[in-house]
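Working notes, beginning with the structure itself.
Computed from a prediction, not measured in an experiment: that's the story for all the values here.
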Amino acid sequence: MPAKTPPINPLRPAIAGLALLLAFPSAGMTQNSSEKEKGKTSVPSTTTPSGEPHQTTKDSEKTITTNHGVPISDDQNSLKAGVRGPTLLEDFILREKISHFDHERIPERVVHARGTGAHGYFQAYKSQSDITKAAFLQDPEVKTEVFVRFSTVAGGAGSGDTPRDVRGFAVKFYTTDGNYDLVGNNIPVFFIQDAMKFPDLVHAVKMEPDRGFPQAASAHDTFWDFASLTPEINHMLMWVMSDRAIPRSYRMMEGFGVHTFRLVDAKGTSRFVKFHWRPKLGTQSLLWDEAVKIYGADPDFHRRDLWDAISSGNFPEWELGLQVFDEETAAKLPFDVLDATKLIPEELVPLRMVGRLVLNRNVDNFFAETEQVAFLPTNIVPGIEFTNDPLLQGRLFSYQDTQLTRLGGPNFHQIPVNAPKGCPMGFGNNNQRDGLHQMAVPKGRVAYEPQSLDKNPPRENPVAGFASVPEVMDGAKERKRSETFADHYSQARQFFQSMTEPEQRHIISAFAFELSKVETKAIRLRMMGHLANIDSKLHDGVAEALGMKEKEPAVEPGVPARDLPPSPPLSLLAKAPKTMEGRKIGVLVTDGFDGALLKELRDTARAEKAGLMVIAPKVGGVTDADGKTVEADLSLSAAPSIFFDSVAVLSSKAGAEDLAGQAAAVDWVRDAFGHLKVLGHTEEAQSVLEKAGIRADDGVVKIAAGKTASAYFTAARAGRIWAREPALRRPG
Ligand code: HDE
């Protein structure tokens, strides 16, 4: 035995093996005679920390190998000159493993870095051949495979899911005519009108470059500095300060293609189109206070929600709706359809629902699929075309370009999640060759055209091939913004005035919160000048919430705002369905509670397709009044009430008294009430409610045997108790 032994660390197998040896000097010794002679010990190379042998195999198929296929005998220890000696450079197995690990990360997306993806399919309701020849919109029998990635925009890949932000809603359709990517957002308009401004916008909203914060937040000086100097942003600001920017779930948010595109039919007739996704579960958002708390309690809230829904067979669905209109209609609209800061109200061009998107399979590997998926607005198929929207035109360059850095070369289309699936060509059938990471082995000596040597080469197809609509172009070459893009306030006003009272309150609160975080007073004042141009209720509400003492300088609008009629579909609350489907109920139980009540709630939840989780003071569960053990899904400390859409406290009297002494339980109840949730409770639970300062209202429902489910569910289906809010929370 050596005189000095290293400290024992049970996490390090070799050293733990040594500990075993110290305790049982004869255990598992593999010393060779020369080491014995020198008085040194060695440890078995394949022992676990507890000294058990590692599992090995004799099956060559299961043998762990290097990346180059060499079988590995020991994956626990590096190669050393003597057991306590230096590691040898020769250890190609160690070097390969570490080197691959060192390069495991690729650059995260410049924007939309944090996201989550899933597989599914799209199915048309009926042929849309009257408006487009796009293959995936022809046959209602055909299911077109899709991959969808949802994302936030501003935060890095490791940020949380619930900041105030736009959400990406990107869909890759693997059609029989090649991949079509509809790379949209959950908001139908955008911050800027011209691609030239995109890097400025993103630099302004991201972490400030000197200090490296704030992460995933627009509430800081540089964003509002840029915003207050960019009048075209005002319509989008209404949306990002609204509840749209804090969705409850990816399953409960809308999606939009944003730009105007074109649809082209088999005769070559083209029409304008705007794309909309409508969630089957209806829309729902978080409250700001919830979003903030969820960010800490479960940064993966949306990612987990989507994963859980799909893995439990509750497949999320959206309908695809199209606003289709011709050039004459476009010419009559009060806005330019090429301006991405404007939308077309549904009252003017109604939605035509053409099919449904179902997400039914989680990814097998996050990196290989979700991280490596490359969406390209240039992935377009015959039957769909671009317009001259100057924001879209810039995107047509950007996405391909960014993948070259992110995915390391021009062959990223060969990565399985990016490769076309539905078409016969595989990776693409053409004369392109070589490049980094070429996975295919093209055959033959011909990689050019025209040629005469290959008798069966890929050829142009003038009938089925993609051909652009021969739009006539006539204009001076100039760097200018069209006059038709100049009205920056009318639709912002229309949006605010289309909101319900609670939604307006939230917009006012969001502006007040964000501007209160701006350190430079001049920026705050400048922004108030824009709000005055939008709506006086909005302006005055924010000024009041900020406690503004001085009047801001007026901002002269390029084009004064017009009064447009309110458009009800812009409101989330106005069209929120009364349903429990896809919602979650949290039920807090204690020892001695009435198990029959839980069963009644659980049965009704199942019938209404809602999820129900049992929360107990300890994860080991509780014993009900009949002495039966009831398992908990989560412990109280791991499941704050922010995780649920409605809650219930089913406690015994003694249990409630115990809960009343626990801050976590009192917060659980107080938060649920403060977040305007329906709160069911047994008579016995009264003491914890009292401790939390709960006032009775329509959303505080007594639960008693026999009539539990109906009263509770009737209240909970309606969603939040909005009438409770003004008394609880003031904007600011
Ligand atoms: Fe993007 N955008 N974008 N964007 N965008 C990217 O592409 C860009 C815009 C959108 O889940 C990047 O692969 C420019 C509008 C989504 O992988 C990048 C402009 C809309 C996603 C890029 C815009 C979007 C991106 C970053 C202005 C809604 C995530 C990494 C001209 C219609 C896709 C990448 C995914 C991602 C550039 C504006 C949606 C840098 C230059 C408008 C959903 O290429």
Looking only at the aromatic ring of each residue, does the gap between the centers of Phe136 and Tyr180 stay below 6.0 angstrom?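 Yes, close enough.
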Answer yes if the side chains of [X] and [Y] hold a donor-acceptor pair under 3.5 Å, and no otherwise.
X: Glu369; Y: His119; result: yes
X: Thr341; Y: Asp339; result: yes
X: Ser567; Y: Glu347; result: yes
X: Arg114; Y: Ser159; result: no
X: Gln403; Y: Asn418; result: no
X: Asp389; Y: His259; result: yes
X: Gln438; Y: Gln414; result: yes

Donor-acceptor under 3.5 Å (Asn186 side chain, Arg167 main chain): yes
Give the ring-plane orientation class for Phe169 versus Trp277, where under 30° counts as parallel, over 60° as perpendicular and anything between as tilted. parallel
Test: [X] and [Y] ion pair at under 4.0 Å:
X: Glu145; Y: Lys421; value: yes
X: Glu327; Y: Arg271; value: no
X: Arg352; Y: Asp130; value: yes
X: Asp161; Y: Arg304; value: no

The salt bridge (Lys or Arg N to Asp or Glu O under 4.0 Å) partners of Arg303 (sequence neighbours excluded) come to none
Phe122 six-ring centre to Lys143 NZ/CZ under 6.0 Å and within 45° of normal: no
Any chance CD of Glu61 has more than 12 other-residue heavy atoms, nucleotides or ligands included, within less than 6.0 Å? no
Side chains of residues 97-105: which donor-acceptor pairs under 3.5 Å do they make with residues two or more places apart or in other chains?
from	atom 1	to	atom 2	distance (Å)
Lys97	NZ	Asp75	OD1	3.2
Lys97	NZ	Asp75	OD2	3.4

For Ser490 and Asp487, what are the C-alpha separation, side-chain angles and deciding distance, and is it a side-chain hydrogen bond (donor to acceptor under 3.5 Å, both in side chains)? CA-CA 7 Å; Ser490 301; Asp487 177 355; 2.5 Å; yes
